[in-house]
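Take a look at the structure set out below.
Starting from 1, each residue takes its place in the sequence as its number. Note: hydrogens, waters and symmetry copies are ignored here, and every other heavy atom, side chains too, is used.
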Amino acid sequence: MTDERATEPPRPVTAALSGAAAGAAALGVAELAAGALGRASSSPLLAVGAGFIDLTPGWLKDFAIRRFGSDDKTVLLIGLGAGITLAALVIGLLSGVGFRGAWPGSVLSERSGSSRH
């Protein structure tokens with residue numbers, strides 16, 4: 001006799017917070033790895049920020065410098081953190097409601113045979 005328990009999908013709030021926790025853990029591990037390798041200046045958040053600055057039009061850079069002064073980089077990092085958090089919340093929410101598109105995690109679990117059906 002098999003013990004098949006019907007499991008309900010997680011509530012949307014729980015799923016979203018799980019996504020945020022996973023995103024925070026992944027970013028934390030990446031930051032620790034950069035620090036352990038002695039490359040604190042190449043931390044993921046700073047690298048993305050530098051890339052974002054390179055792709056930003058000149059008029060927007062000038063506006064940010066005029067508006068925020070010497071705090072422009074702080075505002076950029078806060079915005080990046082908010083964007084990453086929002087993306088992690090959405091990914092967690094989508095995974096919690098049963099969206100099983102081509103997410104890397106779902107593809108890997110399908111290949112290993114550990115997916116739940």
Side-chain angles (χ1 to χ4, degrees):
M1 174 185 270
T2 61
D3 183 23
E4 292 186 31
R5 297 180 185 173
T7 59
E8 296 180 25
R11 295 184 317 180
V13 172
T14 305
L17 291 177
S18 295
L27 190 57
V29 168
E31 293 285 341
L32 284 173
L37 295 173
R39 300 178 183 190
S41 62
S42 65
S43 75
L45 196 57
L46 294 178
V48 170
F52 185 77
I53 290 171
D54 291 342
L55 296 174
T56 302
W59 64 267
L60 187 55
K61 288 180 195 176
D62 294 338
F63 170 77
I65 291 169
R66 278 195 315 272
R67 177 70 175 103
F68 302 111
S70 63
D71 293 329
D72 62 335
K73 299 221 179 1
T74 303
V75 171
L76 173 67
L77 290 176
I78 290 170
L80 284 171
I84 290 169
T85 302
L86 181 62
L89 287 168
V90 169
I91 290 170
L93 183 62
L94 289 175
S95 69
V97 296
F99 180 78
R100 298 287 183 241
W103 294 102
S106 65
V107 171
L108 291 175
S109 66
E110 289 290 330
R111 298 241 182 238
S112 68
S114 63
S115 66
R116 50 179 192 173
H117 290 251

- Query: Can Leu80 be reached from Leu46 by stepping across I, L, V, M, F, W or Y side chains whose heavy atoms are under 4.5 Å apart?
  - Reply: yes
- Task: Mind listing the closest non-hydrogen atom pair of Ser43 and Ala34 along with its distance?
- Result: CA-CB, 4.0 Å
- Leu45/Ile84 under side chain to side chain contact (heavy atoms under 4.5 Å, CB included): CA gap, chis, key distance, verdict: CA-CA 10 Å; Leu45 196 57; Ile84 290 169; 3.7 Å; yes
- Check side chain to side chain contact (heavy atoms under 4.5 Å, CB included) between Ala16 and all other residues, then give those that pass, not counting sequence neighbours. Leu89, Leu93
In a table with atom names and distances, give each donor-acceptor pair under 3.5 Å that connects a side chain of residues 49-70 to protein atoms at least two apart or in another chain.
residue	atom	partner	partner atom	Å
Thr56	OG1	Phe52	O	2.6
Lys61	NZ	Ile53	O	3.1

- Note on the structure: The remaining residues in the hydrophobic cluster of Ile78, counting side-chain heavy-atom contacts under 4.5 Å among Ile, Leu, Val, Met, Phe, Trp and Tyr, are none
